[in-house]
Number of protein chains: 2
Amino acid sequence: MFAAMNNIEDLHQRPIVSVDLAIFALTPDGLEVLLARRGVEPFTGHWALPGGWIHVDEDESLEAAARRVLSDKTGVAAPYFEQVGVFGDAARDPRGWSLSVTYMALIMPDAVILQHGGNVTDAAWHPIAGEATAQPLAFDHAAILKTAITRLRNKVEYTTLPVHLLPEAFTLSELQAVYERLLGRLLDKSAFRKRIAEVDFIVPIVGEMRRASNRPAQLYRLKQARSTVFFDRTI
Amino acid sequence: MFAAMNNIEDLHQRPIVSVDLAIFALTPDGLEVLLARRGVEPFTGHWALPGGWIHVDEDESLEAAARRVLSDKTGVAAPYFEQVGVFGDAARDPRGWSLSVTYMALIMPDAVILQHGGNVTDAAWHPIAGEATAQPLAFDHAAILKTAITRLRNKVEYTTLPVHLLPEAFTLSELQAVYERLLGRLLDKSAFRKRIAEVDFIVPIVGEMRRASNRPAQLYRLKQARSTVFFDRTI
DNA sequence: CGAATAGTGTCTTTTAGACATTATCTT
DNA sequence: AAGATAATGTCTAAAAGACACTATTCG
């Protein structure tokens, strides 16, 4: 039935396609990314973004493939998830013309149980200094990671995305602290709360307070799970 | 050398990968997208985003492949170019698990010489009503186009991207008109010019004016070709 | 009560929006 | 001069930012 079509396609070899993840978490040391140490060629021993092949017979969609990879590597199911882009050229992988479809995930580091095995000999959180990690990365993963970090940092400025680095229940002060750590600058409490109230994406959990040796703080949760809201901007 | 690796990959069939383009232009009738009518199965006779396969032996990179497709279909070389994303799942193409790497291009409609041949029997500009075209599109191209249109419309709000829909030399009134047509609302001249002056991405072409039967208008050009600047926004 | 952080209010400065005015060309 | 659009200025209303103040808990 598709004979006419197939011979057109047969003229051109298909590229290799992998799904790779930039998994971010905020630890006491700052923003960190989860990396896997490669146990096979090429780039054996190098750190790399965790990833895998698309399983044509198993994965429903690209995002499903990415979620499978995330679950395989971290044991975590449903954090914030966003496509960063596709990176592809003739030279990035010595095995041939290849594509990396890259997703970014934000998670709570506590929830993660790191999984080894497969092509990976080791997995660990790596601190991000500026827009990179201390170690050189396999393939073009340093450039991909840089793109993901830039996207993340930009979105902190104009969306509610940082909320996904917090547990389900959080206080406004905790949320402000996340913004401040990602932005690298202090924010005014009053102005911050006005801005958050405006976009109306969180609700107080009535009766639930964060208690310490001072005035207790109201706990909040997201209105819709996994939603990200954009702040106002104009032309 | 890569034996251990290759047998891992061999377990999984590679998906089909195409590069598709959402090519936009602003005509007297409004925002339009360039579509190609398919001459082969599947979806013969349907309109689709112009696209092609990656030529592993010829294309240096994804963007190079996209630029080749653009040049093949329009004869135009270097307009504004941006990756929209990857769309991939098991069901979007009856020939099998497939990926569409989609780019968005902005061009001047005058410069284009539409090319036929190949899998395409016809190519034409189609007006965009809301977030879609009047005709149903092949594959999941309606959803892809919707994503591209949304991206374009959003970027009009907070970037200087609309400048790429104008010729090299343009007046401030012409630039404002492009914004107004894309946004669907009128802007205040004074406020618009303040905003444009702030981001400082265009320069007057000294001595060059647009003449009509009224006061002549200063012509401007981009400071750096193809640059897009973001307006201020804050957390 | 003191220490500590939560939460709100006030004032000032800056910015945005509406609108008016002036400028410069053609016919 | 009339008509048209370019370009800039002015005034007001709204928003942002700095900072102070009040509130509530623990020890």
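Below, all heavy atoms of this structure are taken into account, side chains as well, without hydrogens, waters or symmetry copies.
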Next on the checklist: Please classify the nucleic acid contact of B/Arg193 as base, sugar-phosphate, or nothing, using heavy-atom distances under 4.0 Å.
Outcome noted: base
Checklist entry - Expressed in angstrom and rounded to an integer, what is the separation of A/Arg210 atom CZ from C/dG7 atom P? => result 11 Å
Checklist outcome for this item: note: A/Gln176, atom CD; C/dG7, atom P; distance rounded to Å ~ 11 Å
Checklist entry - Which class fits the ring pair A/Phe192 and A/Tyr179: parallel under 30°, tilted 30 to 60°, perpendicular over 60°? => result perpendicular
Checklist entry - Separation of A/Glu174 atom CD from C/dA6 atom P, in whole Å? => result 8 Å
Next on the checklist: Just to be sure I understand the rule, does A/Ala217 reach a base, reach only the sugar-phosphate, or reach nothing, if contact means heavy atoms closer than 4.0 Å?
Outcome noted: sugar-phosphate
Next on the checklist: Check the orientation of A/Tyr158 and A/Phe230. Use parallel for under 30°, tilted for 30 to 60°, and perpendicular for over 60°.
Outcome noted: tilted
Checklist entry - Hey, which of these two, A/Lys194 or A/Gln218, hits DNA chain C nearer its 5' end, going by closest nucleotide? => result A/Gln218
Checklist entry - How long is the line joining CG of B/Leu175 and P of D/dT5, in whole Å? => result 18 Å
Next on the checklist: Regarding B/Glu157 and B/Arg151, does a basic nitrogen lie under 4.0 Å from an acidic carboxylate oxygen?
Outcome noted: no
Checklist entry - Considering only side-chain heavy atoms of A/Arg211, which listed nucleotide, D/dA4, D/dC26, C/dT5, is closest? => result D/dC26
Next on the checklist: Rounded to whole Å, how long is the line connecting atom CZ of B/Arg195 with atom P of D/dT8?
Outcome noted: 18 Å
Item to check | Of the listed nucleotides C/dA4, C/dC19, C/dT27, the one nearest the side chain of B/Asp188 | outcome: C/dC19
Next on the checklist: Distance check needed: C/dA18 P versus B/Leu187 CG, whole Å only.
Outcome noted: 10 Å
Item to check | Phosphate OP1/OP2 of C/dA4: any A/Ser213 side-chain N/O under 4.0 Å | outcome: no
Next on the checklist: Strictly below 4.0 Å, N to O, side chains only: are A/Arg210 and A/Glu174 in salt-bridge contact?
Outcome noted: yes
Next on the checklist: Any donor-acceptor pair, under 3.5 Å, between the side chain of B/Arg215 and the base of D/dA4, if you only look at N and O atoms?
Outcome noted: no
Checklist entry - Do B/Ser190 and D/dG9 have a side chain to base donor-acceptor pair shorter than 3.5 Å? => result yes
Item to check | Sole candidate of B/Tyr80, B/Phe24, B/Phe81 that passes ring-ring contact (aromatic ring centres under 6.0 Å, His included) when paired with B/His164 | outcome: B/Tyr80
Next on the checklist: Under 3.5 Å, is there any donor-acceptor pair linking the side chain of B/Lys189 to the base of D/dA7?
Outcome noted: yes
